[in-house]
Amino acid sequence: QARFQAAAFKQNLWGSRLRQRHVPTSCGMLMCCEEITPSARVAGTICPSQDFGGGAGLPVVCARWDQGAALSDRPARVGNLDELLRADSQRCVTAYTEFRHLFPAAQWLPLDPPFGLHHTFTLLELDGGHLQLCMEKFENPLELLLMSGDRESIQDVASRYRATGDERMVTPQRPVVRHIRIDLGPRFGLPSINVSDLRRWILGPLALEWQPLNQLTANCQHFAADLQGFLRRPLSDAGFQMNRGKEGLLSAMRANGALLEGAPAELRRDREVVLAAVRNNGLALQFAAEELQRDRDVVMAAVKADGFALRHAAEELRKDRDFVLAAVRLSGAVLRHATDRLRRDRDVVMAAVRTNATALQFAAEELRQDREIVLTAVQLDGLSLRSAGEALRRDRDLVKAAVVQHGGALAFAPEKLRKDREVVVAAVSQHGLALMHAPEDLRRERDIVMTSVERHGLALEFASEELRRDRDIVFAAVARTGLALQFAADELKRDREVVLAAVRSDGYALSYASM
């Protein structure tokens with residue numbers, strides 16, 4: 001047992017297991033904060049500062065990760081907010097980046113915050129970026145994770161773990177994407193904010209107004225908007241231009257095009273100002289004066305930054321074939337806001353899917369039955385098979401091309417092709433979890449299951465009961481993904497070598513061992 005504990009400790013998890021409850025799920029582990037007093041060393045509740053009046057306060061979870069000292073990629077818990085931020089209180093927040101953990105439906109139903117189909121978290125860069133603070137509202141607590149190291153490693157850890165230590169369930173269907181990065185500070189026409197200012201905001205206005213998680217009125221996207229609004233605090237009235245001058249205004253727009261929303265009307269008619277804004281944030285086109293929404297160069301710059309900006313262009317541009325054809329070559333997403341006539345135009349649709357295969361969903365029905373267009377789309381993104389016409393989803397060669405590109409496309413194949421052994425093998429060879437879409441008889445085939453778990457250990461969940469007792473298959477699965485131990489037969493959860501392999505892969509796997 002000491003060997004298992006030592007392996008788990010190397011994952012920096014053993015101590016935290018004593019303080020947290022672990023709830024198994026079909027796709028991983030949930031780690032639930034215990035109810036504790038503010039003086040406890042795991043998490044606490046911040047009451048609003050007396051300077052801001054009363055209030056119920058907000059629960060917080062604080063953690064730290066140091067690339068040079070960490071024993072694993074998982075964050076280590078810190079006692080409280082002051083302990084986390086005290087040493088860095090004078091560091092300036094020089095930029096922030098919003099990240100979005102997409103839900104599967106986000107690819108075909110893009111919605112604007114605060115009701116977007118994604119979870120949002122924000123990384124704050126301190127004094128240039130080798131120290132970054134991740135802030136998010138996932139459940140009821142405010143979660144803060146302070147990380148030090150190189151930018152790539154910090155962003156990798158933040159994209160995989162929350163401050164609680166929970167893994168984000170990142171899959172090809174649910175990627176974490178970098179949405180937008182905003183530079184802060186006087187160089188960009190914005191005030192200088194340091195960590196001490198941030199702490200005062202948390203203790204004051206944020207604690208005073210904090211509400212339990214509510215998907216309609218107090219979700220993660222509401223919090224991100226409040227945080228980013230505090231960081232920007234734009235001077236958006238006429239005094240902004242007088243105090244900073246046009247160069248200061250242009251610098252601010254280049255850093256954050258969304259500031260155009262609060263600019264006075266005369267600035268929203270200024271072509272140079274609007275161009276600076278839409279090049280940073282294409283959706284800022286909606287705040288431009290009408291005459292600039294008809295300006296081909298301005299609209300094209302906006303579309304280049306964000307294809308969905310076309311919806312804010314003047315109607316005559318959305319009807320202009322040459323303009324839309326040029327636009328979809330920059331961003332296939334433009335097709336969504338083209339007119340019905342242009343969504344039936346074969347050249348326009350083909351250009352769109354070559355740029356972005358998911359644009360197939362916006363094509364007219366008859367073009368989603370066009371084999372050449374659909375084949376082009378699935379070769380670039382196999383999941384585009386879901387947008388293909390029903391007849392083409394019965395085309396064996398086309399389905400095989402889709403699953404070779406992305407095994408998850410097997411979900412959109414008809415039952416007959418999901419029973420086709422060659423198609424299934426191609427799918428699980430690309431993505432092990434495609435096994436979930438295979439029929440029962442193929443889940444009993446040892447070679448297919450072995451291929452699946454070697455690609456993704458959690459595919460063990462979808463193997464037949466007999467193969468979940470197969471020691472070689474289980475060993476391959478847990479070596480790949482330690483948490484796959486939860487799907488092994490009971491006797492293998494007692495197998496010392498199997499459990500040790502699982503713990504070496506992921507210390508949390510010890511929770512599933514039968515010791």
Side-chain angles (χ1 to χ4, degrees), residues 7-16 28-29 31 41-43 60-101 119-138 141-170 175-185 192-199 202 220 224 227-228 231 481-482 504-508:
F9 181 79
K10 288 179 180 178
Q11 295 290 333
N12 203 24
L13 298 170
W14 184 249
S16 63
M29 184 91 64
M31 181 161 63
R41 302 287 292 175
V42 180
V60 292
V61 175
C62 299
R64 186 188 299 273
W65 180 82
D66 184 336
Q67 185 177 13
L71 295 174
S72 81
D73 286 344
R74 290 185 187 272
R77 298 292 281 275
V78 176
N80 55 50
L81 185 70
D82 282 341
E83 183 179 342
L84 182 71
L85 301 181
R86 185 187 305 115
D88 303 296
S89 62
Q90 297 308 308
R91 293 184 185 274
C92 287
V93 183
T94 52
Y96 71 82
T97 304
E98 179 182 324
F99 287 81
R100 295 181 173 182
H101 188 187
H119 172 71
T120 296
F121 59 94
T122 306
L123 279 187
L124 282 58
E125 298 179 19
L126 309 182
D127 284 352
H130 291 292
L131 193 67
Q132 298 191 30
L133 179 65
C134 180
M135 298 182 66
E136 64 185 304
K137 181 176 186 175
F138 189 89
L142 169 64
E143 299 183 13
L144 301 99
L145 171 57
L146 185 64
M147 297 167 286
S148 62
D150 62 74
R151 288 173 185 267
E152 184 176 347
S153 297
I154 286 174
Q155 292 186 4
D156 179 63
V157 170
S159 296
R160 291 193 291 135
Y161 298 104
R162 291 165 43 212
T164 59
D166 291 345
E167 284 192 60
R168 303 186 195 278
M169 295 304 170
V170 181
V176 171
V177 299
R178 172 174 159 168
H179 178 61
I180 191 169
R181 181 181 182 276
I182 302 297
D183 289 299
L184 301 172
S192 178
I193 295 175
N194 62 25
V195 173
S196 182
D197 296 325
L198 178 67
R199 175 183 172 277
I202 293 171
C220 61
L227 170 62
Q228 294 169 22
L231 294 172
T481 311
R504 282 173 176 160
S505 173
D506 190 320
Y508 279 130

request  = Among residues two or more places apart or on two chains, list those pairs meeting ring pair (Phe, Tyr, Trp, His ring centres under 6.0 Å) that have a residue in residues 73-100.
outcome  = Phe99-Phe121

Which pair of non-hydrogen atoms, one from [X] and one from [Y], has the smallest distance, and what is that distance?
X	Y	value
Lys137	His119	O-CE1, 3.4 Å
Gln67	Gly149	OE1-CA, 3.1 Å
Cys134	Met147	CB-CE, 3.9 Å
Leu133	Leu85	CD2-CD2, 4.3 Å
Ala158	Leu123	CB-CD2, 4.0 Å
Ala163	Ala63	O-CB, 3.3 Å

Roughly how far, to the nearest 0.5 Å, is [atom2] of [Y] from [atom1] of [X]?
X	Y	atom1	atom2	answer
Leu126	Ser89	CG	OG	11.0 Å
Gln155	Asp150	CD	CG	9.5 Å
His179	Thr122	NE2	OG1	10.5 Å
Glu125	Asp183	CD	CG	7.5 Å
Ser148	Gln132	OG	CD	10.5 Å
Glu143	Arg162	CD	CZ	4.0 Å

task = Assess whether side chain to side chain contact (heavy atoms under 4.5 Å, CB included) is satisfied between Arg74 and Asp506, documenting all intermediate values.
result = CA-CA 10 Å; Arg74 290 185 187 272; Asp506 190 320; 3.0 Å; yes

Kindly indicate whether the side chain of [X], heavy atoms from C-beta on, has any atom under 4.5 Å from the side chain of [Y].
X	Y	result
Ile193	Leu184	no
Ile182	Gln228	no
Met135	Leu198	yes
Asp127	Cys92	yes
Leu146	Leu131	yes

Residues which pass salt bridge (Lys or Arg N to Asp or Glu O under 4.0 Å) with Arg178, listed by chain and number, not counting sequence neighbours = none

request  = Give the intermediate values and the outcome of side chain to side chain contact (heavy atoms under 4.5 Å, CB included) for residues Val61 and Arg77.
outcome  = CA-CA 8 Å; Val61 175; Arg77 298 292 281 275; 3.5 Å; yes

task = Might you work through the side chain to side chain contact (heavy atoms under 4.5 Å, CB included) test for Leu145 and Glu136, ending with a clear yes or no?
result = CA-CA 9 Å; Leu145 171 57; Glu136 64 185 304; over 6 Å; no

query = Should Arg160 and Glu167 be marked as a side chain to side chain contact (heavy atoms under 4.5 Å, CB included) after you check the CA-CA gap, both sets of side-chain angles, and the distance that decides it?
reply = CA-CA 6 Å; Arg160 291 193 291 135; Glu167 284 192 60; 5.8 Å; no

request  = Mark yes or no for whether Thr94, through its side chain, and Gly128, through its backbone, hold a donor-acceptor pair below 3.5 Å.
outcome  = yes

